[in-house]
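A short worksheet on the structure shown next.
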Amino acid sequence: MPSTNAVSRPPEQLAQEVLTRYLELCDVPRPSDETGSLEDLFTADAVWEGVGPLYSARFGRTTGPEEIAAMLSAHLPPNPHFRANVHLLHPGTTYVDGDEVRGRWLMQQLSRYDTGAAELVVARLELAFRIDEDRARISHFRTERVFDAGLQEALVTTR
């Protein structure tokens, strides 16, 4: 007789789902069916930090889920920082160590600011997730800007 227990997802998949949700919550506009809060994605002792020459001074280090969500929300609506912002996540590498998943990814961010300027950013993400039962939460988020380029206004033509 088949088991009625829910099938558990592998820890790596749980971690990937949380990172994808994090990026969706930071997109502008946010996907219409996306609800929830950023702070729910982090552990109580979470650390979020910008590293490297371009991000350590700009973002520094923030601890705690409420503080991290507040820092990130300063760039999201209703604040006018972005007109549009989308994140593209490249395949990464993950490994499991007990109740923790660690991973590295490259992420592209395409942004149009309220000033009209636009840019492409590539950042290296290094994350640690804590797995508790069937849920992953971010315990450490590190981002390092490794490439950026300004983008020209896209021209739309009709024939």
Run the side-chain contact (heavy atoms from CB on, under 4.5 Å) test against [X] and tell me which residues pass, sequence neighbours left out.
X      : answer
Glu17  : Arg9, Gln13, Leu14
Leu76  : Val28, Leu38
Glu12  : Pro10, Thr94, Val96
Thr115 : Tyr113, Ala117

Without placing hydrogens or testing angles, list every side-chain donor-acceptor pair under 3.5 Å for residues 122-129, not counting sequence neighbours.
from   : atom 1 : to     : atom 2 : distance (Å)
Arg124 : NH1    : Glu144 : OE1    : 3.4

To the nearest 0.5 Å, what is the distance between [atom1] on [X] and [atom2] on [Y]?
X      : Y      : atom1 : atom2 : answer
His87  : Trp105 : NE2   : CH2   : 14.5 Å
Glu39  : Leu25  : CD    : CG    : 11.5 Å
Arg112 : Asp114 : CZ    : CG    : 11.5 Å
Asp27  : Gln109 : CG    : CD    : 8.5 Å
Met107 : Leu88  : CE    : CG    : 9.0 Å
Glu24  : Leu19  : CD    : CG    : 10.0 Å

May I ask you to test the [X]-[Y] pair for a side-chain heavy-atom distance under 4.5 Å?
X      : Y      : value
Asp99  : Glu133 : no
Arg145 : Val121 : yes
Thr43  : Ile138 : no
Thr62  : Val47  : no
Leu120 : Gln108 : yes

Shortest non-hydrogen contact from [X] to [Y]?
X      : Y      : answer
Asn85  : Cys26  : ND2-O, 3.1 Å
Pro65  : Ala44  : CD-O, 3.5 Å
Ile131 : Ala136 : CD1-CB, 3.5 Å

Can you list everything that forms a salt bridge (Lys or Arg N to Asp or Glu O under 4.0 Å) with [X]? Sequence neighbours excluded, please.
X      : result
Glu66  : none
Glu67  : none
Arg130 : Asp45
Arg61  : Glu49

Not counting sequence neighbours, which residues clear ring-ring contact (aromatic ring centres under 6.0 Å, His included) with [X]? List them please.
X     : result
Tyr22 : Phe141
Tyr95 : none
His75 : His81

Margin query: Can you confirm if the aromatic rings of Trp48 and Phe59 lie within a centre distance of less than 6.0 Å?
Written below: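 Between Phe59 and Trp48, the centre distance is under 6.0 Å.
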Next item on the list: Could you state whether Leu110 and Leu89 fall into the same hydrophobic cluster, counting links through intermediate Ile, Leu, Val, Met, Phe, Trp or Tyr residues with side-chain heavy atoms under 4.5 angstrom apart?
Entry: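 No: no chain of side-chain contacts under 4.5 Å links Leu110 to Leu89.
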Notebook entry, point to check: Phe147, Tyr55: one ILVMFWY side-chain cluster at the under-4.5 Å cut-off?
Noted result: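 No, because Phe147 and Tyr55 fall into different hydrophobic clusters, even though each may have its own neighbours under 4.5 Å.
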Check: Does atom CZ of Arg30 have more than 12 heavy-atom neighbours from other groups under 6.0 Å away?
Finding: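 Correct, the count exceeds 12.
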Check: Do any N or O atoms from the side chain of Asn79 and from the backbone of Ser73 form a donor-acceptor pair under 3.5 angstrom?
Finding: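 Present.
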